[in-house]
Q: 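I have a structure I would like to understand better, so I am pasting it below and will then ask my questions one at a time.
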Amino acid sequence: MSGYIGRFAPSPTGLLHIGSLIGALASYLDARANQGRWLVRMEDLDPPREMPGAASAILQSLEDHGLTWDGEVLWQSQRHDVYRQVINDLLRANQAFYCTCSRRDLQQSKGIYQGRCRGRLTAPADQDFACRLQVDNQSMAVDDAIQGHFSQQLEREVGDVILQRKDGLFAYQLAVVVDDAYQGITHIVRGADLLDSTPRQIYLQRVLGYTTPQYGHFPVITDEQGEKFSKQTFATAIDSADACNNLCLALAFLQQPLPPVELCQEVEAILAWAVEHWSIDSIPSELGIVKS
Ligand code: GLU
Ligand code: ZN
């Protein structure tokens, strides 16, 4: 085993579709090709958006595709106390603050928060409030293994980041950073739709004194409208009966060499071959259009 620890972190808002299989496969192959561990974390942070049964169906689907993870699945729904503690520490350090602004307040600044409630360190008794992380005007950059250099000036381009929403739910941006650190993740391979979130995640890692993993963001499949594959568009759940085909399709999207036909009858054989021939450098930074 090397020191490499990778992960796949699905949200149980729907079943595994080809787009999410690509994310699972890419992170799995990169970990295994580097003699690393591969963990699964269920990002079940937002019950109203979740689909009953999706979490266990996703795990079953991963197993059916031969994508077996190390250790126990980490469930974010079990981690609320930790998230609450981190927010309290940030408030105490004056790095976070309570915010009572409404959506309408935000619209006036094109959705980018202008820091109006900064410094508000006690919870308002009479109004709903969110918690935000105060960002700064430094340029925050990531050197991505697939996308190359990407940077943002958070204060101008993103604004102070929500850590806990007005409805009390913890934000993805907080939970992902806390849990990547908790699980000792060294390498993150995920879809390029999250590249835009990466500078703020690195910023939060620095504020919390965590080390920053290495990132690789593969291009996300889009349909003819340029929409990412998702439940809302035309992505349908993948069928475990087609597991071998699904894996080969996912390999093709990642522009990896395909195993010889005689190896394509079993998921284990496909995966072993794919680990052997894995090349993250072959993943293009952008993909063509998929016809629906
Ligand atoms: N749970 C997130 C999603 O399904 C992915 C989080 C991540 O990989 O950082 O989109
Ligand atoms: Zn505010």
Side-chain angles (χ1 to χ4, degrees), residues 6-17 19-28 30-31 38-46 49-51 54-55 58 62 73-77 79 96-109 111-121 123-124 127-135 142 144 159-166 169-183 185 187-202 204-205 212-218 220 228-232 235:
R7 51 68 160 185
F8 176 56
S11 304
T13 51
L15 303 173
L16 208 64
H17 53 75
S20 41
L21 179 71
I22 291 170
L25 181 66
S27 58
Y28 173 91
D30 201 53
W38 185 67
L39 311 182
V40 170
R41 178 169 75 233
M42 196 55 68
E43 302 211 315
D44 51 347
L45 276 178
D46 193 346
R49 286 190 54 230
E50 284 158 22
M51 179 188 140
I58 289 171
L62 291 174
V73 173
L74 186 70
W75 297 77
Q76 291 193 322
S77 55
R79 308 250 315 137
F97 58 91
Y98 293 105
C99 168
T100 54
C101 295
S102 65
R103 219 167 257 163
R104 187 162 336 126
D105 294 329
L106 266 145
Q107 274 162 8
Q108 289 159 5
S109 52
I112 295 176
Y113 187 74
Q114 301 290 297
R116 199 172 79 163
C117 305
R118 281 183 178 182
R120 185 169 197 165
L121 300 178
Q127 307 176 65
D128 286 343
F129 54 84
C131 265
R132 286 181 189 269
L133 171 73
Q134 183 166 326
V135 298
V142 50
D144 191 87
D160 296 329
V161 181
I162 298 256
L163 300 173
Q164 187 170 14
R165 292 167 13 185
K166 270 190 181 171
L169 294 181
F170 293 101
Y172 156 70
Q173 306 292 353
L174 170 78
V176 73
V177 166
V178 169
D179 289 344
D180 282 334
Y182 173 69
Q183 296 187 286
I185 303 302
H187 291 74
I188 293 176
V189 179
R190 62 184 180 189
D193 52 316
L194 291 168
L195 182 63
D196 186 67
S197 289
T198 306
R200 77 196 78 169
Q201 292 177 12
I202 295 175
L204 182 53
Q205 288 155 6
T212 290
Q214 287 183 38
Y215 289 93
H217 287 88
F218 59 83
V220 169
K228 97 169 190 167
F229 250 57
S230 69
K231 247 191 345 177
Q232 291 77 9

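Just so you know, these numbers come straight off a predicted model, no measurement behind them. Counting convention: from 1, in listed order, for ligands and their atoms alike.
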Q: Using a plain distance cutoff, I'd like to know if Ala9 has any nitrogen or oxygen under 3.5 Å from a nitrogen or oxygen of ligand 1.
A: yes
Q: For Thr100 and Arg120, test the side chains for any donor-to-acceptor distance below 3.5 angstrom and give the result as yes or no.
A: yes
Q: Looking at Leu194, which atoms of ligand 1 are within less than 4.0 Å of one of its heavy atoms?
A: 5 (C), 6 (C), 7 (C), 8 (O), 9 (O)
Q: Atoms of ligand 1 less than 4.0 Å from Arg190 heavy atoms?
A: 7 (C), 8 (O), 9 (O)
Q: Do the side-chain N and O atoms of Tyr172 and Gln201 include a donor-acceptor pair separated by under 3.5 angstrom?
A: yes
Q: Closer than 4.0 Å to some heavy atom of Val176 - which atoms of ligand 1 meet that?
A: 9 (O)
Q: CD/Gln76 to CE/Met42 distance, rounded to the nearest 0.5 angstrom?
A: 10.0 Å
Q: Of all the heavy atoms in Phe8, does at least one lie under 4.0 Å from an atom in ligand 1?
A: no
Q: Against heavy atoms of Tyr172, which atoms of ligand 1 measure under 4.0 Å?
A: 6 (C), 7 (C), 9 (O)
Q: Quick check against the 3.5 Å criterion: does Gln114 have a side-chain atom that pairs as donor or acceptor with the backbone of Ile112?
A: yes
Q: Is the closest side-chain donor-acceptor distance between Arg41 and Gln183 under 3.5 Å?
A: yes
Q: Less than 3.5 Å apart, any donor N or O on the side chain of Asp105 or Ser102 sitting next to an acceptor on the other?
A: yes
Q: What angle, to the nearest 10°, do the atoms OH (Tyr113) and SG (Cys99) form about the Zn ion (ligand 2)?
A: 100°
Q: Is it true that Arg7 lies under 4.0 Å from ligand 1, counting heavy atoms only?
A: yes
Q: Would you mind reporting whether Val142 and Ile202 have side-chain heavy atoms less than 4.5 Å apart?
A: yes
Q: My understanding is that we take every heavy atom of each candidate and find the minimum distance to atom 6 (C) of ligand 1. Doing that for Glu43, Arg41, Met42, which one comes out nearest?
A: Glu43
